[in-house]
Engineer: 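Here it is, the structure in full.
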Amino acid sequence: MQRVLTANQMREAEKAAQEQHGMPSGLLMENAGRALAEAARSVSGPSGRFTVLCGPGNNGGDGLVAARFLLEGGCRVVVSLVGDTGKLTAEAKRNLQALEGFGESPRAFEALPEAGPGDVVVDALFGTGLKRAPEGVFADAIGTVARWRRAGAKVVAADVPSGLQSDTAEPFSPCVEADVTVAFGFVKPAHELEPGASLCGDVRRVDIGLGGESTRAVSGAELFRVEEKDAREAIPKRRADSHKGTYGHVLVVAGSPGKTGAAAMVALAALRSGAGLVTVATRAEALPWVMAHSPEIMGVALPGEGPLGKGDLEALKAALEGKDALVMGPGIPRGPETGALIGDLLASVEVPAVLDADALNAVAEDLKVLREAKGPVVLTPHPGEMARLWGRTTKDVQAHRVGVALNLATSLNCTVVLKGSRTLIAEAGGRVFINPTGNAGMATGGTGDVLSGVCGSLLAQGIPLPKAAWTAVYAHGLAGDLMAEQRGLMGLIATDLLVGLGHVWTRWQR
Ligand SMILES: NC(=O)C1=CN([C@@H]2O[C@H](COP(=O)(O)OP(=O)(O)OC[C@H]3O[C@@H](n4cnc5c(N)ncnc54)[C@H](O)[C@@H]3O)[C@@H](O)[C@H]2O)[C@H](O)CC1
Ligand SMILES: [K+]
């Protein structure tokens with residue numbers, strides 16, 4: 001897992017490093033500037049000229065250090081201090097003197113030569129200290145950087161592309177678009193969440209002297225980026241003497257006439273993710289269609305007809321006998337009593353439960369029904385379903401993804417998987433995991449059904465939360481990435497993920 005720190009958490013970590021671990025602040029900037037110079041040199045042509053644009057804060061200071069290292073390395077460097085140089089921080093001032101000691105004095109921005117192919121522009125205007133939309137000379141400088149990039153220059157951003165808000169990953173206008181972003185110490189939300197992530201280019205996290213110890217002191221929500229090794233290590237090694245009972249039995253409550261495929265995709269995803277057995281519970285009129293998809297799918301008909309309601313409670317409790325996980329929601333016939341039914345069912349069984357799709361819409365009408373759940377619950381909303389759960393617009397949800405997911409998880413004491421580009425997995429109590437896998441090709445019907453099946457399958461195999469959730473999300477997205485290479489973003493469909501999952505488990509097999 002990689003820690004993802006907000007601007008305040010970075011400041012707290014930097015303070016801890018200085019006060020508790022004796023790390024001089026000047027050394028942090030020296031290390032940052034050196035790494036920035038190395039990154040800049042890695043993208044330049046041999047004849048390249050380096051244009052370093054420095055802002056009024058420590059981000060600018062990083063740029064001044066980088067300029068000095070580039071000069072020391074014999075590179076052609078021009079530097080400009082943009083904005084009121086009177087406001088330079090003490091560290092930045094010290095590095096300005098050091099730079100002048102190398103015979104290079106900052107030039108007026110207007111006097112800078114044009115940059116183009118083979119040249120590198122180092123964006124050290126603003127980092128985590130950006131507070132508002134860049135205006136005046138700063139906006140002009142960002143516009144010039146964009147023009148130089150269009151002319152063929154490569155742009156390397158110090159810490160965060162200038163104009164991009166570090167914590168929300170939302171860009172002001174204007175905002176730098178970088179080819180490489182050098183993240184100092186820790187990645188920030190701007191590097192990991194959209195739309196910021198797409199503006200950063202290749203994010204290169206570099207150590208600058210903020211050891212892991214310095215994060216012990218930071219306050220606020222703990223954000224992590226899931227890495228492949230974390231997901232791979234969550235998958236248990238299969239013992240030779242195991243049997244299908246070892247890998248759990250998933251009950252899938254899903255499907256209705258016209259939506260029997262949803263139930264089949266949940267069931268097949270659960271089987272393709274290692275569950276020993278899968279049973280689908282659905283109305284008799286839908287069951288044959290679901291089971292026809294694969295002989296491995298077992299079925300139980302829910303007596304009665306129409307929407308799921310309180311009259312289905314006993315049949316569902318009976319169907320859950322001997323099961324190890326429940327996945328409920330995709331394609332179910334929803335009615336006015338479905339939410340209460342889900343609440344009563346979860347209050348009477350202890351198996352871990354994944355609620356998706358129409359089960360989420362059902363409980364959204366009265367979230368209190370989930371408070372009596374005996375076992376662990378995972379909600380897997382897409383932004384629209386999250387909007388209904390949270391009682392706000394989808395736009396609101398997307399603007400506050402981390403906070404929304406964390407608040408719901410904490411208020412319901414459950415795990416919330418807020419899907420979308422960079423899916424979030426929030427656990428009650430404060431940790432939020434950011435998933436880096438997946439792609440726009442997965443925006444196609446049924447991929448959510450597949451995810452709920454993968455999640456239920458890992459839970460049935462005894463992998464605890466939140467690990468089962470972020471592992472399912474990581475594997476599901478990686479399956480999509482592997483299959484998009486074969487099918488194209490346009491051609492990818494949900495059942496391709498069932499094939500992709502096989503590639504993932506093969507890649508992770510120990
Ligand atoms: N945290 C660390 O471990 C390290 C951080 N370093 C670098 O420092 C920046 C953060 O520096 P800071 O001085 O806090 O702010 P910035 O340089 O990002 O911003 C400059 C300054 O500008 C003012 N400001 C904010 N928004 C605007 C605006 N729209 N227009 C004009 N002026 C604005 C504000 O007052 C800021 O103070 C971090 O990103 C790293 O690059 C250390 O050098 C290395 C360790
Ligand atoms: K920057």
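Atoms within a ligand are numbered from 1 in the order they appear, just like the ligands themselves. Below, all heavy atoms of this structure are taken into account, side chains as well, without hydrogens, waters or symmetry copies.
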Engineer: Quick one: closest heavy-atom pair of Arg232 and Arg510, and the distance?
Structural biologist: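 Taking Arg232 first and Arg510 second, the nearest heavy atoms are O-NH2, 4.2 Å.
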Engineer: Which protein heavy atom lies closest to atom 24 (N) of ligand 1, and at what distance to 0.1 Å?
Structural biologist: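 Its nearest protein heavy-atom neighbour is Phe126 CE2, 3.8 Å.
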Engineer: Numbering the atoms of ligand 1 from 1, which are under 4.0 Å from a heavy atom of Gly127?
Structural biologist: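 Result: 16 (P), 18 (O), 39 (O).
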Engineer: At what distance is the nearest protein heavy atom to atom 4 (C) of ligand 1, and which residue and atom is it?
Structural biologist: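 Answer, as residue, atom name and distance: Glu14 OE1, 3.5 Å.
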Engineer: Is the backbone of Ile493 close enough, under 3.5 Å, to the side chain of Asp496 for a donor and an acceptor to pair up by distance?
Structural biologist: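 Here the side-chain-to-backbone pair exists.
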Engineer: Could you tell me, atom by atom, which parts of ligand 1 come under 4.0 Å of a heavy atom of Phe184?
Structural biologist: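 Going through ligand 1 atom by atom, the ones under 4.0 Å from Phe184 are 40 (C), 41 (O).
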Engineer: Which atom pair, heavy atoms only, marks the closest approach of Met386 to Leu408?
Structural biologist: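 Closest pair (atom of Met386, atom of Leu408, distance): CE-CD2, 3.4 Å.
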Engineer: With respect to the K ion (ligand 2), please indicate if Val160 possesses an N, O or S atom at a distance under 3.4 Å.
Structural biologist: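 Checking the K ion (ligand 2) against Val160, an N, O or S atom does fall under 3.4 Å.
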Engineer: Would you name the heavy atoms of Arg34 and Asn31 that are closest together and state the gap between them?
Structural biologist: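 In this case the closest contact between Arg34 and Asn31 is NH1-OD1, 3.2 Å.
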Engineer: Any Lys/Arg nitrogen of Glu233 or Lys229 sitting under 4.0 Å from an Asp/Glu carboxylate oxygen of the other?
Structural biologist: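 No.
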Engineer: When only distance counts, is Lys131 in polar contact with ligand 1, meaning an N/O pair under 3.5 Å?
Structural biologist: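 Such a contact does occur with ligand 1.
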Engineer: Short N/O distance, under 3.5 Å, between Thr89 and ligand 1?
Structural biologist: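 It does not: no N or O of Thr89 is found under 3.5 Å from an N or O of ligand 1.
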Engineer: For atom 9 (C) of ligand 1, what is the nearest protein heavy atom, given as residue, atom name and distance?
Structural biologist: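 Of every protein heavy atom, Asn59 N, 3.7 Å lies nearest to atom 9 (C) of ligand 1.
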Engineer: Please give me the minimum heavy-atom distance between Cys175 and Gly163, naming the atom from each residue.
Structural biologist: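 In this case the closest contact between Cys175 and Gly163 is SG-C, 3.5 Å.
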Engineer: Applying side chain to side chain donor-acceptor pair (under 3.5 Å), name anything that partners Asp396, two or more places apart in sequence or on another chain.
Structural biologist: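 Per chain and number, Asp396 pairs via side chain to side chain donor-acceptor pair (under 3.5 Å) with Thr393.
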Engineer: Does Pro56 reach ligand 1, in the sense of a heavy atom lying below 4.0 Å from it?
Structural biologist: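 True for this residue.
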Engineer: Using the K ion (ligand 2) as the vertex, how large is the angle between O of Ala158 and O of Phe126, rounded to 10 degrees?
Structural biologist: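 O of Ala158, the K ion (ligand 2) and O of Phe126 span an angle of about 100°.
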Engineer: For Pro134 and ligand 1, answer yes if some heavy atom of the residue is under 4.0 Å from a ligand atom, otherwise no.
Structural biologist: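 Yes, Pro134 has a heavy atom closer than 4.0 Å to ligand 1.
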Engineer: Should one rank Leu28, Leu36, Asp62, Asn58 by closest heavy-atom distance to atom 40 (C) of ligand 1, which comes out on top?
Structural biologist: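 Going through Leu28, Leu36, Asp62, Asn58 one by one, Asp62 has the nearest heavy atom to atom 40 (C) of ligand 1.
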Engineer: Any side-chain heavy-atom pair from Leu53 and Thr144 closer than 4.5 angstrom?
Structural biologist: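 Heavy-atom side-chain distance check fails, nothing below 4.5 Å.
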Engineer: If you measure from each non-hydrogen atom of Ile208 to ligand 1, which part falls under 4.0 Å: side chain, backbone, both or neither?
Structural biologist: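 Under 4.0 Å from ligand 1, Ile208 contributes side-chain atoms alone.
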Engineer: Quick one: do Glu12 and Lys15 make a salt bridge, cutoff under 4.0 Å?
Structural biologist: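 Here Glu12 does not pair with Lys15 in a salt bridge, since their nearest N and O are not under 4.0 Å apart.
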Engineer: Are side-chain heavy atoms of Leu199 and Thr181 found at a separation under 4.5 Å?
Structural biologist: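 No, side chains not in contact.
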Engineer: If you measure every N or O of Gly129 against every N or O of ligand 1, does any of those distances drop under 3.5 Å?
Structural biologist: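 Min N/O separation from ligand 1 is below 3.5 Å for Gly129.
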Engineer: Taking 4.0 Å as the limit for heavy-atom contacts, which would you say applies to Leu130 with ligand 1: side chain only, backbone only, both, or neither?
Structural biologist: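 For Leu130, backbone and side-chain atoms both sit under 4.0 Å from ligand 1.
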Engineer: Locate the shortest heavy-atom distance separating Asp62 from Ala32; write the atom from each residue and the value.
Structural biologist: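 So the minimum-distance heavy-atom pair works out to OD1-CB, 3.8 Å.
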Engineer: Please list the nearest protein heavy atom to atom 29 (N) of ligand 1 with its residue and the distance rounded to 0.1 Å.
Structural biologist: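 Result for atom 29 (N) of ligand 1: Arg132 O, 2.8 Å.
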Engineer: Give a yes or no on whether the backbone of Val454 and the side-chain of Ser457 come within a donor-acceptor separation of less than 3.5 Å.
Structural biologist: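 Such a contact is absent between Ser457 side chain and Val454 backbone.
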Engineer: Is there a donor-acceptor pair under 3.5 Å between the side chain of Gln9 and the backbone N or O of Ala221?
Structural biologist: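 Yes; judged by distance alone, with no hydrogens or angles, the pair exists.
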Engineer: Under the criterion salt bridge (charged side-chain N to carboxylate O under 4.0 Å, His left out), I'd like the reasoning laid out for Glu91 against Arg94: C-alpha separation, chi angles, the key distance, then a yes or no.
Structural biologist: CA-CA 5 Å; Glu91 287 301 345; Arg94 194 180 58 72; 3.3 Å; yes
Engineer: For atom 10 (C) of ligand 1, what's the nearest protein heavy atom and its distance?
Structural biologist: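 The closest one turns out to be Thr128 OG1, 3.3 Å.
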Engineer: Among the N/O/S atoms of Asp123, which is closest to the K ion (ligand 2)? Give the atom name.
Structural biologist: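 Of all N, O or S atoms in Asp123, the K ion (ligand 2) lies closest to O.
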Engineer: Which one holds for Phe172 and ligand 1: side chain close, backbone close, both close, or neither close, with close meaning a heavy atom under 4.0 Å?
Structural biologist: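 It is neither; nothing of Phe172 touches ligand 1.
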Engineer: At less than 4.0 angstrom from any non-hydrogen atom of Met29, what atoms of ligand 1 do you find?
Structural biologist: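 Close to Met29: 43 (O).
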Engineer: Distance to 0.1 Å, residue and atom name: give those for the protein heavy atom nearest to atom 39 (O) of ligand 1.
Structural biologist: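 Checked against all protein heavy atoms, atom 39 (O) of ligand 1 sits closest to Asp159 OD2, 2.7 Å.
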Engineer: Answer yes or no as to whether an N/O/S atom of Gly127 is found below 3.4 Å from the K ion (ligand 2).
Structural biologist: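 So Gly127 does not count as coordinating the K ion (ligand 2).
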Engineer: Any N/O/S of Asp159 under 3.4 Å from the K ion (ligand 2)?
Structural biologist: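 Coordinating: no.
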Engineer: How about Ala124: does one of its N, O or S atoms come closer than 3.4 Å to the K ion (ligand 2)?
Structural biologist: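 No, outside the cut-off.
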Engineer: I'd like a table of donor-acceptor pairs (distance under 3.5 Å, sequence neighbours excluded) in which one partner is a side-chain atom from residues 106-128, with atom names and distances.
Structural biologist:
unit_1 : atom_1 : unit_2 : atom_2 : d
Glu114 : OE1    : Arg147 : NH1    : 2.4
Glu114 : OE1    : Trp148 : NE1    : 3.1
Glu114 : OE2    : Arg147 : NH1    : 3.3
Asp119 : OD1    : Arg49  : N      : 3.0
Asp119 : OD2    : Gly116 : N      : 2.9
Asp123 : OD1    : Leu125 : N      : 3.2
Asp123 : OD1    : Ser162 : OG     : 2.4
Asp123 : OD2    : Ser162 : N      : 2.8
Asp123 : OD2    : Ser162 : OG     : 3.1

Engineer: Is the shortest distance from a Lys or Arg side-chain nitrogen in Glu30 or Arg68 to a carboxylate oxygen in the other one below 4.0 Å?
Structural biologist: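 Salt bridge between Glu30 and Arg68, a charged N being under 4.0 Å from a carboxylate O: yes.
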Engineer: Using heavy atoms and a threshold below 4.0 Å, how should the contact between Ala133 and ligand 1 be classified: side chain, backbone, both, or neither?
Structural biologist: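 Near ligand 1, Ala133 shows its backbone, while the atoms from C-beta on stay back.
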Engineer: Using non-hydrogen atoms of the residue, decide whether Leu210 is closer than 4.0 angstrom to ligand 1.
Structural biologist: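 Right, Leu210 reaches ligand 1.
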Engineer: If you measure every N/O of Ala32 against every N/O of ligand 1, is any gap under 3.5 Å?
Structural biologist: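 No; the residue has no nitrogen or oxygen that sits under 3.5 Å from a nitrogen or oxygen of the ligand.
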